[in-house]
Each structure stands twice: as C-alpha cells, then as structure tokens.
Amino acid sequence: MRRLLAAVAATVAAAAVTVTVAAAPASARPDCDAFPPPPICQPPPEDPPPPEGSDKSPTGRVDSYGFANGQFHVRGWARDVNGGPVTVWVNVDGPFVGGFPAGQWHAGQGGYVGFDIVVPAPSTAGTHQVMLTLVNVPDGTQPAAPYSSIMNVLTYTVTPTAPTDLSLTAGKVNGQPAVTVGFVDRSTNEEGYSITYDWVARKFEDGRWVITTEARTVQVGPGAGTGWYSHTVVPLLPNTFYRFYVRTRENGMLSETVTAGVSTPE
C-alpha cells in the first residue's frame, strides 16, 4: 500500500511540474504592431543638446582697401565683446602673410579697435585675392565661438604694363611698303604684344565705289627683359595712312593701348 501511494504521489508531482512548465511562454515578445505600441517599443530618448556657450565671435568691417606699388593696404575695425585687441589674420592669394592687432583709435567706433595694415602683394597681371580673418577672443566657456571673416574675399586687379614711346617708321622692304613699329618694352612677364592697325580703303562694290575701314591684328612674341622692341609689318598698301594700336599681352589680359599713325610711301 505504501508503495502504491508513493507511486501515485510521484505521478501527481511530475504532472504538476509539466503543467507549470507548459504554462510559461517560450519567449516574451511585445506586440509592437499594436496602437499605441507599449512603452518598451518606443525609441530611446535622444540626448539633450549640449548647453550653448556664452562665447561670441568678433565683429568688424573694412573701411577701405587698395593695391599700389606691390603693396596691399586695408583699413577698418574689429572688436570682441570678450576683450581685445582682436588679431586680424591676412592671407594673400592663399598663403598666410601675418597677424596684426586691431588696437588703433577708430573715430567711427569711438575706441581702440582700428587697424591699418600694409602687406606685400603680387604685382603680376591678373585678379588677386586677399582674405581677412578675425581671431576669436574666448571667454572660457564651451563651445568656443568660431573665427570671423570680415568679407569672404577682397580682390584687386593688376593690368599688364603698357609699352611706352611708340615710334612708327614707314619705308619699304623688298620693294613693298612697310612700317616698323618700335616701342619701349616695360614688362618682364609679358606673353607678347598685340599690334592692330587699320586704314581707310576705297573699294568698288555692287557697281559703285564705297569707303570702308579695314583692320588687321598681328600677335608677336615677348621681348628679352625690358628695353627697346621693334616689329616690321609688311606688306602694306602704298600712299596709305595707317593707325597702329599696341598692347601688352600677359596672363590672358591686355594692357592699355598706345597708338600712333603714319603714311606709307608711294
């Protein structure tokens, strides 16, 4: 009898264990398709943004600027609420040239926030770029304010050096009318010279005589250094007045024009 009772008890216990295990789900997965979804399905909150620092960027303005004789000259003012003087960085055509304090008296701003800067700058023909950057004076808070540019780019343009002392000599070459164009070459970086000449021509067109102006241009190479330069234009029409226009070519640009006129022989 005891054995029978023990066997029954063991069977009941095993059944209880089996029922208990079967009652537990295999895995607890939230129903995120439900509306509204349970909190466990919500994305985690984003981190709050970092606190905004109290540091402020410097401010300023360019009053005037210009280029002359190989130097770039710029005036203006710059200030920072955190102190000063503000340092002005100067870059010319890319490379850094130097830093200069804005600590001069500026009447318009009523304080020692002015700058008057002169730096060496390229004299080659073309358009050149100058950038001014105001260096921030930090107040110690984070994040520090960025540096400031007064203007994105200040530019100046150098035109090629024009020839001088234009001289025209009319004559003949191998029996043909010709003009020798001479001038003083004042450029050391020229690509060459553009020589244009025009004249008034009388032509018979459509059964009648008409007067027209015709022109030609010749491109000649550079001279060696500076000094006297000459080029002979041939053939030309006899007994005709020609006006010549000479310009320096450099870096894809043309200089101011020098001009003169002369008549060819019979």
Side-chain angles (χ1 to χ4, degrees), residues 49-163 185-194 222-223 225-226 247-257:
E52 183 177 352
S54 60
D55 194 18
K56 303 298 182 184
S57 297
T59 58
R61 175 172 293 181
V62 170
D63 293 332
S64 64
Y65 68 93
F67 171 83
N69 302 320
Q71 293 183 321
F72 186 82
H73 191 181
V74 56
R75 296 184 180 93
W77 61 269
R79 58 157 38 100
D80 194 307
V81 295
N82 303 320
V86 171
T87 298
V88 182
W89 285 351
V90 181
N91 292 66
V92 180
D93 282 348
F96 176 73
V97 175
F100 305 87
Q104 299 181 10
W105 174 257
H106 191 284
Q109 293 297 308
Y112 289 94
V113 295
F115 59 82
D116 189 341
I117 301 171
V118 178
V119 295
S123 299
T124 53
T127 298
H128 302 274
Q129 300 180 341
V130 179
M131 177 173 286
L132 304 183
T133 302
L134 306 183
V135 180
N136 179 47
V137 180
D139 68 354
T141 62
Q142 293 295 326
Y147 294 175
S148 299
S149 293
I150 297 179
M151 299 175 117
N152 287 334
V153 175
L154 305 176
T155 62
Y156 68 93
T157 300
V158 179
T159 58
T161 303
D185 168 14
R186 299 179 57 240
S187 174
T188 58
N189 301 299
E190 78 274 11
E191 298 165 357
Y193 291 92
S194 175
T226 59
R247 294 178 290 180
T248 305
R249 291 186 291 110
E250 182 181 338
N251 199 23
M253 302 175 65
L254 291 172
S255 72
E256 295 181 356
T257 302

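We're numbering straight along the sequence, starting at 1. Values below: all heavy atoms of this structure, side chains included; hydrogens, waters and symmetry mates excluded.
- The heavy-atom pair separating D185 from G223 by the smallest distance is OD2-CA, 3.9 Å.
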Exercise answer: donor-acceptor pairs, residues 103-115 side-chain atoms, under 3.5 Å, sequence neighbours excluded:
from: H106; atom 1: ND1; to: G108; atom 2: N; distance (Å): 3.2
from: H106; atom 1: ND1; to: Q109; atom 2: N; distance (Å): 3.1
from: H106; atom 1: NE2; to: D63; atom 2: OD2; distance (Å): 2.8
from: Q109; atom 1: OE1; to: R79; atom 2: NH1; distance (Å): 2.6

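- Taking CD from Q71 and CD1 from I117, the interatomic distance works out to 13.0 Å, rounded to the nearest 0.5 Å.
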Just list the side-chain donor-acceptor pairs under 3.5 Å for residues 119-127, sequence neighbours left out, or say none.
from: T127; atom 1: OG1; to: T157; atom 2: OG1; distance (Å): 3.0

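- With sequence neighbours excluded, no residue satisfies side chain to side chain donor-acceptor pair (under 3.5 Å) with R247.
- The stretch residues 99-111 participates, sequence neighbours left out, in no salt bridge (charged side-chain N to carboxylate O under 4.0 Å, His left out) pair at all.
- A heavy-atom distance below 4.5 Å is not found between the side chains of P160 and N251.
- In this structure S187 satisfies the side chain to side chain donor-acceptor pair (under 3.5 Å) test together with E190, E250, sequence neighbours excluded.
- Contact record, P163 with S255: CD-OG, 3.9 Å, taken as the closest heavy-atom pair.
- In this structure, the salt bridge (Lys or Arg N to Asp or Glu O under 4.0 Å) partners of D116, at least two apart in sequence or on a different chain, are R75.
- The two residues V137 and G83 come nearest to each other via the heavy atoms CG2-O, 4.1 Å.
- Screening residues 126-135 for salt bridge (charged side-chain N to carboxylate O under 4.0 Å, His left out), with sequence neighbours left out, gives no hits.
- F100 is linked by a ring pair (Phe, Tyr, Trp, His ring centres under 6.0 Å) to nothing, counting only residues two or more places apart in sequence or in another chain.
- Taking CZ from R249 and CG from N189, the interatomic distance works out to 14.0 Å, rounded to the nearest 0.5 Å.
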_Under the criterion side chain to side chain contact (heavy atoms under 4.5 Å, CB included), I'd like the reasoning laid out for V90 against V130: C-alpha separation, chi angles, the key distance, then a yes or no._
CA-CA 7 Å; V90 181; V130 179; 4.0 Å; yes

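- Under the side chain to side chain donor-acceptor pair (under 3.5 Å) criterion, N82 pairs with D55, D80, not counting sequence neighbours.
- Pairs of residues two or more places apart, or lying in two chains, never qualify as salt bridge (charged side-chain N to carboxylate O under 4.0 Å, His left out) while including a residue from residues 118-133.
- The shortest distance between side-chain heavy atoms of N136 and P58 falls below 4.5 Å.
- A heavy-atom distance below 4.5 Å is found between the side chains of L134 and V88.
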*asked:* Test side chain to side chain contact (heavy atoms under 4.5 Å, CB included) on H128 and V158; report intermediate values, then the result.
replied: CA-CA 8 Å; H128 302 274; V158 179; 4.1 Å; yes

*Apply the test side chain to side chain contact (heavy atoms under 4.5 Å, CB included) to residues L154 and F72: give CA-CA distance (whole Å), side-chain angles for both, the deciding distance (0.1 Å), then the verdict.*
CA-CA 10 Å; L154 305 176; F72 186 82; 4.2 Å; yes

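- In this structure, the side chain of Q129 does not engage the main chain of G94 through any donor-acceptor pair within 3.5 Å.
- For N91, the side chain to side chain donor-acceptor pair (under 3.5 Å) test picks out no residue, with sequence neighbours left out.
- Residue pairs that meet the salt bridge (charged side-chain N to carboxylate O under 4.0 Å, His left out) test with at least one member in residues 126-136, sequence neighbours left out, do not exist here.
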